Amino acid sequence: MRFLHALRQDLNKTLVNIGFLGAVAICAILCFTSTAYTDDSTSKTYSVFEAIFTLDRDLIESNYSFAWSSLMSEGLSGYASMFLPIIVAFPFMVSFCSERNSMLMRYTISRTGKLSYYMSKFTASLISGGLAAMLGVALYGLCCYIIFPDISSYDIDPELFDIIVVHSTTQIAIRTLVGVFLYGAFSTLPAFFISSFCTNPYLITCVPFLLVYIWNTAINKLVDSCWEREDYDAADILFDFSPDSVKSLANKTQWDISATRITCMFLGFLLVSAVGFSVIMNLRRDKGR
């Protein structure tokens with residue numbers, strides 16, 4: 001009961017603040033910077049923003065790559081994916097740093113108990129990060145639904161249609177949002193762990209961005225090296241350990257070794273972050289202030 005009460009209070013503080021609303025808005029805006037179309041003749045790529053304001057409407061209505069479900073499923077890529085560790089840290093960071101700086105943390109711990117307090121913070125940070133990303137992509141997807149055509153409106157060969165449209169548009173939207181929620185929750189973990197020993201909100205938000213960027217760059221370099229050696233099995237394994245691989249879990253049509261690797265990575269980071277945060281906070285002589 002202490003845990004549930006603490007979690008309810010933490011969710012109220014985390015979800016009802018300017019940090020959460022800002023995270024949703026920023027995520028939605030950055031989704032519009034994802035690539036919508038590549039001109040084969042010039043190799044120029046167009047973002048969703050550019051497609052809306054510069055491309056001819058006839059092109060949009062004749063090329064099925066502009067289908068709203070396709071654009072929505074690729075929304076959390078590019079800049080949105082790059083800056084997600086910063087974005088999803090906003091809701092948790094605002095409430096947690098405010099509680100720590102106001103010296104209210106020790107009173108909350110004395111009422112709820114250390115373990116309940118740590119686990120409620122952990123759970124609230126996951127939920128707030130996942131919801132911030134999911135609602136941002138949902139808002140972006142709603143705009144795409146209003147502006148761009150449905151995949152069924154395009155004149156596509158039936159055999160090709162069965163290949164490119166594995167799920168209905170509703171299923172695509174739901175799977176995309178579930179995957180984004182998992183990715184948002186996963187992206188919150190570095191900032192959550194760092195907050196156990198750091199009180200600077202700028203470091204809490206910016207250091208995870210740097211770490212994830214280095215991680216993603218290293219994986220891409222290793223994958224490129226595997227492709228050069230034509231070691232495609234190793235490349236597939238490395239792909240499963242990239243930061244954004246978590247969102248692909250929702251698109252799996254059947255459970256395979258790839259899903260197992262991604263799940264193990266996700267659960268491993270969850271465990272390390274939760275235990276590490278609890279241990280470090282428990283060792284602090286200032287009781288986490």
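In this chain, numbering begins with 1 at the start of the sequence shown. Just so you know, these numbers come straight off a predicted model, no measurement behind them.
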Check the orientation of Tyr118 and Phe277. Use parallel for under 30°, tilted for 30 to 60°, and perpendicular for over 60°. perpendicular

Using the rule that two of Ile, Leu, Val, Met, Phe, Trp, Tyr join whenever any of their side-chain heavy atoms come within less than 4.5 Å, decide whether Val279 and Leu271 are in one cluster. yes

Could you tell me if Asp10 and Ser120 have a donor-acceptor pair between their side chains, going purely by distance under 3.5 Å? yes

Does atom CZ (Phe266) have a neighbourhood of more than 12 heavy atoms from anything else shown, all under 6.0 Å? yes

Could you report the tightest heavy-atom contact between Ser245 and Ser242, atom names first, then the distance? OG-O, 2.9 Å

Is the shortest side-chain heavy-atom distance between Met72 and Leu177 below 4.5 Å? yes

Using 0.5 Å steps for rounding, measure from the CD1 atom of Ile172 to the OG atom of Ser69. 4.5 Å

About how many Å separate CG of Asp244 and CE of Met82, when rounded to the nearest 0.5 Å? 11.5 Å

Between Phe148 and Leu139, is there shared hydrophobic-cluster membership here, with clusters defined by ILVMFWY side-chain heavy atoms closer than 4.5 Å? no

Across all chains, not counting sequence neighbours, the salt bridge (Lys or Arg N to Asp or Glu O under 4.0 Å) partners of Asp240 are Arg261

Are Val48 and Thr33 close enough that some pair of their side-chain heavy atoms sits under 4.5 Å apart? no

Begin from the C-alpha positions of Glu74 and Thr176 and carry the test side chain to side chain contact (heavy atoms under 4.5 Å, CB included) through to its verdict. CA-CA 9 Å; Glu74 296 298 327; Thr176 298; over 6 Å; no

Going by the rule side chain to side chain contact (heavy atoms under 4.5 Å, CB included), which residues pair with Ile18 if we only count those two or more places apart in sequence or in a different chain? none

Between Ser195 and Phe192, which heavy-atom pair has the shortest distance, and what is it? OG-O, 2.5 Å

Remaining members of Ile214's ILVMFWY cluster at a side-chain heavy-atom cut-off under 4.5 Å? Leu210

All N/O donor-acceptor pairs, side-chain side in residues 128-135, below 3.5 Å, sequence neighbours left out:
unit_1	atom_1	unit_2	atom_2	d
Ser128	OG	Ala124	O	3.0
Ser128	OG	Ser125	O	3.1

Any side-chain heavy atom of Val16 sitting closer than 4.5 Å to one from Leu21? no

Keeping the roles fixed (side chain from Asn282, backbone from Ser278), state whether a donor-acceptor pair exists under 3.5 Å. no

Do the non-hydrogen side-chain atoms of Leu55 and Phe66 ever get within less than 4.5 Å of each other? yes

Minimum side-chain heavy-atom gap Phe32-Cys143 below 4.5 Å: yes

ILVMFWY cluster, Leu84 and Trp215 together (side-chain gap under 4.5 Å): yes

Testing the 3.5 Å rule here: is there a donor-acceptor pair between the side chains of Tyr37 and Ser47? no

In terms of relative ring orientation, are Phe53 and Phe49 parallel, tilted or perpendicular, with 30° and 60° separating the classes? parallel

Between Ile262 and Phe241, is there shared hydrophobic-cluster membership here, with clusters defined by ILVMFWY side-chain heavy atoms closer than 4.5 Å? yes

I want to check something: taking the side chain as every heavy atom from C-beta on, are Ile87 and Leu30 in contact at a cut-off of under 4.5 Å? yes

Side-chain donor-acceptor pairs of residues 220-227 under 3.5 Å, sequence neighbours excluded:
unit_1	atom_1	unit_2	atom_2	d
Asn220	ND2	Asn216	O	3.2
Ser225	OG	Arg229	NH1	2.9

Under a 3.5 Å distance rule, please check whether Lys247 uses its side chain to pair with a backbone N or O of Leu76 as donor and acceptor. yes

Gap separating the CD1 atom of Ile194 from the CG atom of Leu203, nearest 0.5 angstrom: 8.0 Å

In sequence, state the C-alpha distance, the side-chain angles, and the governing distance for Ile146 and Trp68, and then conclude on side chain to side chain contact (heavy atoms under 4.5 Å, CB included). CA-CA 8 Å; Ile146 295 173; Trp68 73 265; over 6 Å; no

About how many Å separate OH of Tyr46 and CD1 of Ile52, when rounded to the nearest 0.5 Å? 15.0 Å

Has Thr260 got a side-chain atom pairing as donor or acceptor with Asp256's backbone, closer than 3.5 angstrom? yes

Could you measure the distance from the SG atom of Cys198 to the CE atom of Met93? Nearest 0.5 Å is fine. 11.0 Å

Is there a side chain to side chain contact (heavy atoms under 4.5 Å, CB included) between Phe83 and Cys27? Walk through the geometry before answering. CA-CA 9 Å; Phe83 291 105; Cys27 182; over 6 Å; no

Would you indicate whether the side-chain heavy atoms of Phe186 and Leu270 approach each other to under 4.5 Å? no

Calculate, to the nearest 0.5 Å, the distance between atoms CD and OH belonging to Gln9 and Tyr117 respectively. 12.5 Å

Residues that Glu50 engages under salt bridge (Lys or Arg N to Asp or Glu O under 4.0 Å), provided they are two or more places apart: none

How far apart are the closest heavy atoms of Cys31 and Val137, and which atoms are they? SG-CG2, 3.9 Å

Heavy atoms only: give me the nearest Ala259-Thr263 pair and the separation to one decimal. O-OG1, 2.8 Å

Taking every heavy atom of Phe20 against every heavy atom of Thr14, the minimum-distance pair comes out as CB-O, 3.6 Å

Mind checking whether Phe90 and Tyr213 sit in one hydrophobic cluster, side chains of I, L, V, M, F, W, Y counted as touching below 4.5 Å? no

Close side-chain approach of Phe209 to Val212, heavy-atom, < 4.5 Å: no

Please find the pair of heavy atoms, one from Ala191 and one from Ile204, that lie closest to each other, and give the distance. CB-O, 3.4 Å

